[in-house]
Participant: 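Next up is a structure, given as structure tokens.
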There are 2 protein chains.
Amino acid sequence: MAYSIGEVSNMLNISVSTLRYYDKEGLLPLINRTSGNIRVFDETDIECLKMIECLKTTGMQLKDIKLFFGWCEEGDSTINKRYELFLEQKEKTEKQISLLQDALDRINYKCEYYRIAKERGTTNDPGLKEELAMKFLSQNK
Amino acid sequence: MAYSIGEVSNMLNISVSTLRYYDKEGLLPLINRTSGNIRVFDETDIECLKMIECLKTTGMQLKDIKLFFGWCEEGDSTINKRYELFLEQKEKTEKQISLLQDALDRINYKCEYYRIAKERGTTNDPGLKEELAMKFLSQNK
DNA sequence: GGTTGACCTAAAGTTAGGTTAAGGTTGTAT
DNA sequence: ATACAACCTTAACCTAACTTTAGGTCAACC
């Protein structure tokens with residue numbers, strides 16, 4: 001299957017200018033062109049873009065994503081590098097999720113705090129923190 | 001308790017220049033100064049900074065964090081705004097965690113993929129994807 | 001009293017990851 | 001054959017969140 005840049009943009013929800021930017025930065029080295037110089041994306045390019053999105057979600061920089069695709073093209077001699085890259089990214093992602101979970105705990109506390117403050121019309125109510133302490137025993141603020 | 005900017009920097013692992021930048025941007029409106037114009041942080045400022053870190057972790061921009069602190073200073077009339085801000089941030093954070101979890105699933109697949117490819121010395125082994133399919137039944141790539 | 005390290009400001013510089021603008025080409029429907 | 005949307009390139013611009021630089025002050029010890 002072949003897709004135009006506009007079709008890919010709609011399918012993956014990535015702007016056309018971003019797709020061209022990725023191409024310019026060398027993240028999509030395999031893209032074909034028509035005789036009229038127009039980009040033609042195929043399934044492989046779509047898979048690449050999905051991987052870019054995945055790695056970007058986990059906080060990897062474009063230059064490192066580019067490095068990874070470079071290794072893929074170099075072939076089997078880089079398997080170990082690629083393996084270690086994913087092991088490292090797994091660690092980082094687990095750490096990020098854990099940080100976000102901690103932040104979510106604090107936010108949930110604040111949601112309860114302001115829900116009760118809203119009921120009472122004030123944050124100055126002396127019983128507010130004590131009441132919350134009963135619900136969130138493991139937290140101190 | 002009173003702390004210097006350097007002490008706070010060490011305690012919270014935020015660089016001195018970043019602390020001054022936050023102050024300049026109006027995120028720490030309550031900070032005291034000595035007669036010699038030197039910043040003196042107290043427990044309240046530390047709590048503010050921890051909240052800034054928390055909200056930043058969840059992707060909130062500094063200008064919005066500043067808005068929130070502004071509401072805190074305005075008093076009880078803004079309780080509902082603050083409540084809704086945290087409800088919204090809770091949604092966003094849950095969505096982020098879910099996206100990261102999806103990315104982690106793909107990364108775990110790749111870890112297994114490259115672990116086996118490493119064992120075999122090639123990614124071209126015909127049985128590789130089939131073997132992985134047995135482990136990751138719910139995924140298609 | 002002088003050196004040293006931590007503090008101060010204002011302003012300029014940096015980085016990543018794009019977006020926008022200007023000017024031109026392609027391809028397709030009428 | 002002409003209009004028009006969708007494509008192309010290069011280069012400049014943008015934003016957030018810092019960091020760096022330059023030049024100066026403060027406080028404590030020797």
Side-chain angles (χ1 to χ4, degrees), chain A residues 2-42 45-46 48-69 89 92 96 99 103, chain B residues 2-42 45-46 48-69 89 92 96 99 103:
Chain A
Y3 309 95
S4 73
I5 198 169
E7 286 168 338
V8 174
S9 170
N10 284 326
M11 284 164 58
L12 302 184
N13 219 23
I14 303 173
S15 82
V16 167
S17 61
T18 299
L19 289 170
R20 287 203 269 252
Y21 170 69
Y22 287 171
D23 188 16
K24 198 183 80 185
E25 293 298 302
L27 274 87
L28 301 168
L30 304 168
I31 282 194
N32 289 313
R33 303 271 186 145
T34 65
S35 58
N37 201 33
I38 286 177
R39 290 177 187 84
V40 180
F41 294 74
D42 64 16
D45 302 316
I46 306 288
C48 270
L49 283 165
K50 284 184 184 168
M51 183 52 72
I52 290 172
E53 288 295 282
C54 168
L55 293 174
K56 236 164 44 85
T57 299
T58 69
M60 193 182 283
Q61 292 189 356
L62 294 186
K63 65 177 179 195
D64 294 320
I65 297 175
K66 180 181 174 177
L67 213 55
F68 164 66
F69 285 128
Q89 209 57 25
K92 286 185 181 168
Q96 270 185 82
L99 280 174
Chain B
Y3 308 96
S4 73
I5 198 168
E7 286 168 338
V8 174
S9 171
N10 284 326
M11 283 165 58
L12 302 184
N13 219 24
I14 303 172
S15 82
V16 168
S17 62
T18 300
L19 289 170
R20 287 203 270 252
Y21 169 69
Y22 287 170
D23 189 18
K24 199 182 81 186
E25 292 298 301
L27 275 87
L28 301 168
L30 304 168
I31 280 193
N32 290 312
R33 303 270 187 144
T34 64
S35 57
N37 200 33
I38 286 177
R39 291 177 186 83
V40 180
F41 294 73
D42 64 17
D45 301 315
I46 306 289
C48 271
L49 283 165
K50 284 183 183 168
M51 183 54 71
I52 291 171
E53 288 296 281
C54 168
L55 293 173
K56 238 165 42 87
T57 299
T58 69
M60 192 181 285
Q61 293 188 358
L62 293 186
K63 64 176 180 196
D64 294 321
I65 296 174
K66 180 181 173 176
L67 213 55
F68 164 67
F69 284 128
Q89 208 58 25
K92 286 184 181 169
Q96 270 185 82
L99 281 174

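Here the structure is a predicted model, which means the values were calculated and not measured. Just so you know, these numbers use all the heavy atoms, side chains as well, and skip hydrogens, waters and symmetry mates. Sequence lines set the chain letters: A, B, ... in the order given, protein chains first and strands last, and positions in each chain run from 1.
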Participant: Atom CG of A:Asn32 and atom P of D:dC8: how far apart are they, to the nearest Å?
Facilitator: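 It is 13 Å, rounded to the nearest whole Å.
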
Participant: Could you check B:Leu30, B:Leu28, B:Ile52 and say which one makes a side chain to side chain contact (heavy atoms under 4.5 Å, CB included) with B:Phe69?
Facilitator: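 So, applying the side chain to side chain contact (heavy atoms under 4.5 Å, CB included) to B:Phe69 and each of B:Leu30, B:Leu28, B:Ile52, only B:Ile52 qualifies.
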
Participant: On DNA chain C, does the nearest nucleotide to B:Arg20 precede the nearest nucleotide to A:Tyr21 from the 5' side, or the other way round? Give the residue.
Facilitator: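 Comparing both residues, the 5'-ward one is B:Arg20.
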
Participant: Tell me which of B:Lys63 and B:Thr18 sits closer to the 5' end of DNA chain D, going by the nucleotide each one is nearest to.
Facilitator: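 Whichever sits nearer the 5' end wins; that is B:Lys63.
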
Participant: Is there a side-chain contact between A:Leu62 and A:Lys66 in this structure, where contact means two heavy atoms from C-beta onward sitting under 4.5 Å apart?
Facilitator: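 A:Leu62 vs A:Lys66: side chains apart.
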
Participant: Does the side chain of B:Gln96 reach to within under 4.5 Å of the side chain of B:Thr58, using non-hydrogen atoms?
Facilitator: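 B:Gln96 vs B:Thr58: side chains touch.
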
Participant: Between B:Arg33 and A:Thr34, just flag the one whose closest nucleotide in DNA chain C comes earlier from the 5' side.
Facilitator: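 Its nearest nucleotide lies further toward 5', so the answer is B:Arg33.
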
Participant: Could you tell me if the side chain of A:Val40 sits less than 4.5 Å from the side chain of A:Thr34, heavy atoms only?
Facilitator: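 Yes - at least one pair of side-chain heavy atoms lies under 4.5 Å apart.
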
Participant: Under a criterion of less than 4.0 angstrom to any heavy atom of chain B, what are the 5'-terminal and 3'-terminal contacting nucleotides of DNA chain C?
Facilitator: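 Counting from the 5' end, contacts occupy C:dC7 to C:dT9.
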
Participant: Using a heavy-atom cut-off of 4.0 Å across all strands, would you classify A:Lys24 as base, sugar-phosphate, or nothing?
Facilitator: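 No contact.
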
Participant: Between atom CD of A:Glu25 and atom CD1 of A:Ile65, what is the distance when rounded to the nearest 0.5 Å?
Facilitator: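 Reported value, rounded in 0.5 Å steps: 11.5 Å.
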
Participant: Please give, in whole Å, the distance from D:dA16 C1' to B:Glu25 CD?
Facilitator: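 It works out to 10 Å between those atoms.
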
Participant: Classify the nucleic acid contact of A:Ser17 as base, sugar-phosphate or nothing, counting any heavy atom under 4.0 Å across all strands shown.
Facilitator: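 Base, at least one base atom sits under 4.0 Å.
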
Participant: Rounded to the nearest angstrom, tell me the gap between atom CD1 in B:Ile5 and atom C1' in D:dT19.
Facilitator: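 Atom CD1 in B:Ile5 sits about 14 Å away from atom C1' in D:dT19.
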
Participant: Using whole Å, what does the distance between atom P of nucleotide D:dC8 and atom CG of A:Leu28 come to?
Facilitator: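 These atoms are roughly 12 Å apart.
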
Participant: For the CD atom of A:Glu53 and the CG atom of B:Leu99, what is their distance to the nearest 0.5 Å?
Facilitator: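 Interatomic distance, A:Glu53 CD to B:Leu99 CG, rounded to 0.5 Å: 10.0 Å.
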
Participant: Starting at atom CG of B:Leu49, determine the distance to atom P of D:dC18, rounded to an integer number of angstrom.
Facilitator: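 Checked: the CG to P distance equals 12 Å.
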
Participant: Can you check the A:Phe41 CZ to D:dA6 P distance for me, whole Å?
Facilitator: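 Value for this atom pair: 16 Å.
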
Participant: Check whether any side-chain heavy atom of B:Met60 sits under 4.5 Å from a side-chain heavy atom of B:Phe68, and report yes or no.
Facilitator: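 No; the side chains remain at least 4.5 Å from each other.
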
Participant: Quickly work out the B:Glu53 CD to D:dA17 P distance and round it to whole Å.
Facilitator: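 Result: 12 Å.
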
Participant: Quick one: pull up CD1 in A:Ile38 and OG in A:Ser4 and give me the separation to the nearest 0.5 Å.
Facilitator: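 Output value for this atom pair is 9.0 Å.
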
Participant: Are any side-chain N or O atoms of B:Asp45 and backbone N or O atoms of B:Asp42, one a donor and one an acceptor, separated by less than 3.5 Å?
Facilitator: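 Yes; judged by distance alone, with no hydrogens or angles, the pair exists.
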
Participant: For D:dC18, take OP1 and OP2 only and decide whether either is under 4.0 Å from a side-chain N or O of B:Ser15.
Facilitator: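 B:Ser15 to D:dC18 OP1/OP2: no side-chain N or O under 4.0 Å.
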
Participant: Is a donor on one side and an acceptor on the other found under 3.5 Å between the side chain of B:Gln89 and the backbone of B:Leu55?
Facilitator: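 Here the side-chain-to-backbone pair does not exist.
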
Participant: Please report the end-to-end axis angle for the helix from C:dG1-D:dC30 to C:dT30-D:dA1, five pairs per end, rounded to 10 degrees.
Facilitator: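 That helix has its two terminal axes inclined by roughly 0°.
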
Participant: Which part of the nucleic acid does B:Gln61 contact within heavy-atom distance under 4.0 Å: base, sugar-phosphate only, or nothing?
Facilitator: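 Counting heavy atoms under 4.0 Å across all strands, the contact made by B:Gln61 is with sugar-phosphate only.
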
Participant: B:Ile14 CD1 to D:dT19 P: how many Å, rounded?
Facilitator: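 Rounded to whole Å, this separation is 11 Å.
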
